[in-house]
Q: 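One structure coming up, written as structure tokens, with questions to follow.
Letters A, B, ... are given to chains in the order of the sequence lines, protein chains preceding strands, and every chain is numbered from 1.
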Amino acid sequence: MTGADENYDPRTIQDKWQSRWEELKPFAASEDPGDERPRKYALDMFPYPSGDLHMGHAEAFAIGDVIARYWFQKGYNVLHPIGWDSFGLPAENAAIKRNSHPADWTYTNIDTQAESFKRYAIAFDWSRRLHTSDPEYYRWNQWLFLRFYERGLAYRKGGQVNWCPQDQTVLANEQVKDGHCERCGAVVEKRVLTQWYFKITEYADRLLADMKGLEWPERVLLMQRNWIGRSEGADVAFQIEGRDDPITVYTTRPDTLYGATFFVVAADAPLADEICAPEQRAEFEAYRDAVRRESEIERLSADREKTGVFLGRHAVNPVNGERIPVWASDYVLAEYGHGAIMAVPAHDQRDLDFARKFALPVRVVVQTGQPDPAETGVATPGEGELVNSGPLNGLAKSSAIPRIVEVLEEKGLGKAAVNYRLRDWLISRQRFWGTPIPIIHCDACGEVPVPDDQLPVRLPDDLRGADLAPKGVSPLAAAADWVNVACPKCGGPATRDTDTMDTFVDSSWYFLRYCSPGYADGPFDAEKVRRWMPADQYTGGVEHAILHLLYARFFTKVLYDMGMVDFTEPFKRLVNQGQVILNGSAMSKSTGNLVDLGEQIAEYGVDAVRLTMLFSGPPEDDIDWADMSPSGSVKFLARAFRVAADVTSVPGADPATGDIELRKVTHRTIDEVTRLVEAHRYNVVIARMMELTSAARKAIDTGAGAADPAVREAAETLTVLLSLIAPYTAEEMWERLGGVAPAAKAGWPTAEPSLLVQESVTCVVQVAGKVRDRLEVSPDIAGADLERLALDSEKVRAALGDQGVRKVIVRAPKIVNIVPA
RNA sequence: GGGGCCGUAGCCCAACCGGCCGAGGCACACGGUUUAGGUCCGUGACAGUGUGGGUUCGAGUCCCACCGGCCCCA
């Protein structure tokens, strides 16, 4: 053991206390209805069982554990559960490789992680453990799906979807990052498929509005806001020559309608195909096929040449009757808005690029004072007076928009509209290790929900190895015995839906299940949920800023509308931890840039690893393990431990008779640490504990002595504060001090106000902003008195010389600044 | 391209409403303890807050621009 002390041996105390805690079960939440203690719910994002715990887990769970342990010490009734997000692809890939069932790999890893969590001393209530891959859990996924279905919130539609060629499944929009699969990094393709969706778009406004009350990191809220992407504008109907129905476009700038000089349809939208004139068809089809071969990344890249083809048709601008050409291009997305836009090249850069490429007219309708876009190639999206715009001339944007909307509404050619970037959540997956979608397809009856009393629809357990290999359709499709069933409605031959649900469905409500994990009459016991939810603190990685956190908020709102919960937001406060990196880059098995958690624990002990994680900086900052010193943590723990071990007074010694200076340090530390813990400033918490340790050490060696009751008070305080971070060390210290185990529930100390007041403070006296003197004054000194004292100071007079005084700024009792004339 | 966050000793990081830049740690140097020590106790040195402006009696903190890094959206 590095830095080990003959008296402080982390390994021995770990073994000793881990088994004692198993007996004591100190962290079980009480469900006694007569338990009147305030309740707190400390929630951690549950892990995926991808092997043993790693450094990232160690950081995240150490952070979540501090607040849970703080609440235990405060005497609250704390719910701090653990479970596993145990459906998902890696298990399936492992099963294919090993010719086994995904459950084998999954549950082995879960057991490994559970043992590691116990070793790592996270204060969990182990009785509530759940696994989303258990039929008892996923049956409620299916039950919830059916309730969503009944409410029209789960539906099937055909359309263009994201397809990951590596994982051989579709992905939700949220799972595509810069055109790559968020999981495996493969370049995502487009396919046209019929899939299941959850109608999250119906909740877009509420997802936005309810963010107000959340104590979440601002950047997470910002990301969600951006993702939802609400914009206000107008729908405008354009007649297309030779087509009966007009085409509606959405625009955020209806004020520029008079500047629309052409019309663009997404090349890959069915609309383009439909309206293409016969003489342009060959050219169009060649272009469209090329577009379809393009990757998302190519289409997204900003600085590429615009491409497109004229469709041989014209649209009619509804306000001025002007004929404008209709083009097809790939810079308009089929899935956004209505798949078509009006192009105003003067005031939109993409439209301008396109206009210049194909020599289309550019008409300025907003006088921005900028040079002519047609000349410069730089669009002018800014504000200004409208010109060339009929009745809008002379108006500013803010008055032109309502005016043009009014005009359009009168003519029945448009209306004010709100648009969202958010798309419905695609939940079908063509993979095995997930929740089967509880729908049966019958030729006669169509989509038939599996009746509730037939849930769960269990996964077949005889598929293994190669049976699970991705083939582009769900492996379940090959399980004939499983697929072919009688229609629940007509009894005729029918087949099960063979897709499984996105595993983000599982994690959208697991925090509710924790409140009543064994409940058999529904996904959760509403009464229990009312007691514990919403979670007081949620701890986890920022990588879920959009995905999981948005979905969980959506589920909560649906459940609220169903009357199943009485709150609309699941997580009051959110803490995002940073990443643990090494030498400036992410840890990764493939590059060998890796630190093994087990090895760190073996070398330094659990407490030192936890302490190092928390001491490294604010929770949300990345930790470069190369910059950290776990051996320094061991040294501090040994130092704290020796303070407790050196105490010679007996338990219960009256601290009031002890050394007053040390007592002040102790109580100031209590006061500050309490505030700092609540503000998640754990690195500063540790710095304060180090100071208290030094003060106690000094008192023992060269001050009041080891027998002084103030030393005992300091040591006991230190022990309880330390128990949030280094639970093993704290337990052992507590025992040495004669306390009753567990130290984890010894009770949070209270600072005595009388020990916090200072009888004098140092007041800085500045002349022209430079410090010239310091005065020891009473903290409640009057401003006028302080000013007199400062002006009387010898040093101040010397600094002033023969200059007069123009002004004196007094901030009693801290500072006086004298401004010379 | 748009939006956001960040930049403090060699390194990791503190600094409430603008008010003495330095709490804590690592590394370093020195002294003491010690049979020894990679232990323990103590002491010390090192920065003026990325750069340039502005506001202010006073700016790490507020405003503007630039440089560098990270994130989100296109």
Side-chain angles (χ1 to χ4, degrees), chain A residues 1-8 173 177-179 217-229 231 296-297 299-303 331 333 336 348-350 353 378-379 381 421-422 542-543 545-546 576 578-579 581 584 611-618 620-636 638-639 642 646 668-669 672 675-676 679 681-694 697-698 700-702 761-775 805-821:
Chain A
M1 267 292 164
T2 307
D5 185 87
E6 59 203 88
N7 295 310
Y8 176 69
N173 278 3
K177 267 201 140 129
D178 295 330
E218 199 48 51
R219 61 182 184 138
V220 174
L221 296 175
L222 186 70
M223 278 192 246
Q224 291 214 351
R225 245 176 242 124
N226 287 344
W227 187 261
I228 294 167
S231 68
E296 186 86 347
I297 327 176
R299 286 184 65 163
L300 284 174
S301 93
D303 50 347
Y331 83 94
L333 298 173
Y336 186 77
D348 181 285
Q349 191 61 48
R350 289 162 306 173
D353 293 343
V378 178
R421 221 186 65 86
L422 182 71
V542 72
E543 64 273 18
I546 297 172
N576 286 133
Q579 305 257 287
I581 62 173
L611 183 83
T612 305
M613 292 285 181
L614 295 165
F615 188 48
S616 70
E620 58 276 13
D621 284 10
D622 287 351
I623 301 174
D624 193 327
W625 198 251
D627 293 335
M628 294 300 118
S629 172
S631 63
S633 299
V634 178
K635 267 165 65 176
F636 164 64
R639 199 165 138 86
R642 279 195 306 274
D646 286 352
R668 247 199 325 272
T669 305
E672 276 196 80
R675 282 205 322 271
L676 290 164
R681 309 284 307 284
Y682 308 138
N683 54 329
V684 191
V685 164
I686 293 166
R688 296 293 166 267
M689 296 192 321
M690 288 171 167
E691 290 176 291
L692 178 58
T693 306
S694 292
R697 179 81 264 148
K698 207 168 174 181
I700 293 168
D701 290 348
T702 60
V761 294
T762 305
C763 175
V764 173
V765 185
Q766 298 177 329
V767 176
K770 286 203 173 70
V771 180
R772 297 299 186 182
D773 199 4
R774 289 157 203 275
L775 305 170
V805 173
R806 196 177 74 189
K807 197 173 173 187
V808 182
I809 290 107
V810 182
R811 292 283 179 274
K814 293 171 70 178
I815 197 160
V816 176
N817 190 15
I818 298 164
V819 188

Q: In terms of side-chain heavy atoms of A/Arg681, which of B/C13, B/A15, B/C26 is nearest?
A: B/A15
Q: Could you tell me which nucleotide pairs with B/U35 by Watson-Crick or G-U wobble geometry, both distances under 3.5 Å, or answer none if nothing does?
A: none
Q: Starting at CZ of A/Arg219 and ending at C1' of B/C71, how long is that distance when rounded to a whole Å?
A: 7 Å
Q: For a 4.5 angstrom cut-off between non-hydrogen side-chain atoms, does A/Arg639 reach A/Met690?
A: no
Q: Taking atom P in both B/G3 and B/G48, compute the distance separating them and give it to the nearest angstrom.
A: 34 Å
Q: In whole Å, what separates the P atom of B/G25 from that of B/G18?
A: 30 Å
Q: Would you measure the distance from the P atom in B/G52 across to the matching atom in B/A9 and give it in whole Å?
A: 15 Å
Q: Rounding to a whole Å, what distance do you find between A/Arg225:CZ and B/C72:P?
A: 17 Å
Q: Which listed nucleotide (B/C11, B/A23, B/C13) is nearest to the side chain of A/Pro618?
A: B/C13
Q: Give me the distance, rounded to whole Å, that separates B/A27 from B/G38 when you measure between the C1' atoms they each carry.
A: 14 Å
Q: Taking the side chain of A/Met690 as heavy atoms from C-beta outward, which of B/C72, B/G19, B/G25 is closest to it?
A: B/G25
Q: If B/G7 has a Watson-Crick or G-U wobble mate with both distances under 3.5 Å, name it; if not, just say none.
A: B/C67
Q: Find the distance A/Arg811:CZ to B/G58:P and express it as a whole number of Å.
A: 13 Å
Q: CG of A/Asn576 versus C1' of B/C71: gap in Å, rounded?
A: 12 Å
Q: Just how far, in rounded Å, is C1' of B/A15 from CG of A/Asn683?
A: 12 Å
Q: Would you mind telling me which of A/Ile818, A/Val816, A/Val767 makes a side chain to side chain contact (heavy atoms under 4.5 Å, CB included) with A/Arg772?
A: A/Val767
Q: Just the rounded figure in Å: distance from C1' of B/C6 to CD of A/Gln579.
A: 17 Å
Q: Taking atom P in both B/G37 and B/G31, compute the distance separating them and give it to the nearest angstrom.
A: 13 Å
Q: Taking the side chain of A/Arg688 as its heavy atoms from C-beta onward, which of B/C72, B/G24, B/A23 lies nearest to it?
A: B/A23
Q: Glycosidic conformation of B/G53, syn or anti, with 90° from 0 as the boundary?
A: anti
Q: Could you measure between the two C1' atoms, the one in B/C16 and the one in B/C11, and give it in whole Å?
A: 27 Å
Q: Kindly indicate whether the side chain of A/Val378, heavy atoms from C-beta on, has any atom under 4.5 Å from the side chain of A/Gln349.
A: yes
Q: Nearest to the A/Ile809 side chain among B/C71, B/G42, B/C57, which nucleotide is it?
A: B/C57
Q: Please tell me if A/Lys814 has a side-chain N or O lying less than 4.0 Å from either OP1 or OP2 of B/G19.
A: no
Q: Can you tell me how far C1' in B/C71 sits from the matching atom in B/U55, rounded to whole Å?
A: 31 Å
Q: If I take atom CG from residue A/Asn226 and atom CZ from residue A/Arg219, how far apart are they, to the nearest 0.5 angstrom?
A: 13.5 Å
Q: Closest nucleotide of RNA chain B for A/Arg697 versus for A/Ile815: which of these residues is on the 5' side?
A: A/Ile815
Q: Check whether more than 12 heavy atoms from other residues, nucleotides or ligands sit under 6.0 Å from atom CZ of A/Arg806, and answer yes or no.
A: no
Q: Suppose we define a pair by two distances each less than 3.5 Å, Watson-Crick or G-U wobble; what does B/C28 pair with here?
A: B/G44
Q: Under 4.0 angstrom, heavy atoms only, what part of the nucleic acid is A/Gln766 near: base, sugar-phosphate, or nothing?
A: base
Q: Is the distance from OP1 or OP2 of B/G38 to the nearest side-chain N or O of A/Lys635 less than 4.0 Å?
A: no
Q: Tell me the partner of B/G1, counting only Watson-Crick (N1-N3 plus N6-O4 or O6-N4) or G-U wobble (N1-O2 and O6-N3) with both under 3.5 Å; none if nothing fits.
A: B/C73
Q: Would you call A/Trp625 and A/Pro630 a side-chain contact if the rule is heavy atoms closer than 4.5 Å?
A: yes
Q: Among B/A14, B/G19, B/C20, which is the nearest nucleotide to the side chain of A/Val684?
A: B/A14
Q: Between B/C41 and A/Arg642, is there an OP1 or OP2 to side-chain N/O distance shorter than 4.0 Å?
A: yes
Q: Side chain of A/Arg639 only, heavy atoms from C-beta on: which candidate in B/C41, B/G19, B/C20 is closest?
A: B/C41
Q: Suppose we call a contact any N or O donor and acceptor under 3.5 Å apart; does that hold for the side chain of A/Asn226 and the base of B/C73?
A: no
Q: What is the separation between atom CD1 on A/Ile581 and atom C1' on B/G69, rounded to the nearest whole Å?
A: 12 Å
Q: Are any of the side-chain heavy atoms of A/Ser616 and A/Asp621 separated by less than 4.5 Å?
A: no
Q: Could you measure between the two C1' atoms, the one in B/U33 and the one in B/G22, and give it in whole Å?
A: 30 Å
Q: So which nucleotide from B/C57, B/C41, B/G24 ends up closest to the side chain of A/Phe615?
A: B/G24
Q: Among the nucleotides B/C20, B/C72, B/C57, which one has an atom lying closest to any side-chain atom of A/Met223?
A: B/C72
Q: Quickly work out the A/Glu672 CD to B/C16 P distance and round it to whole Å.
A: 12 Å
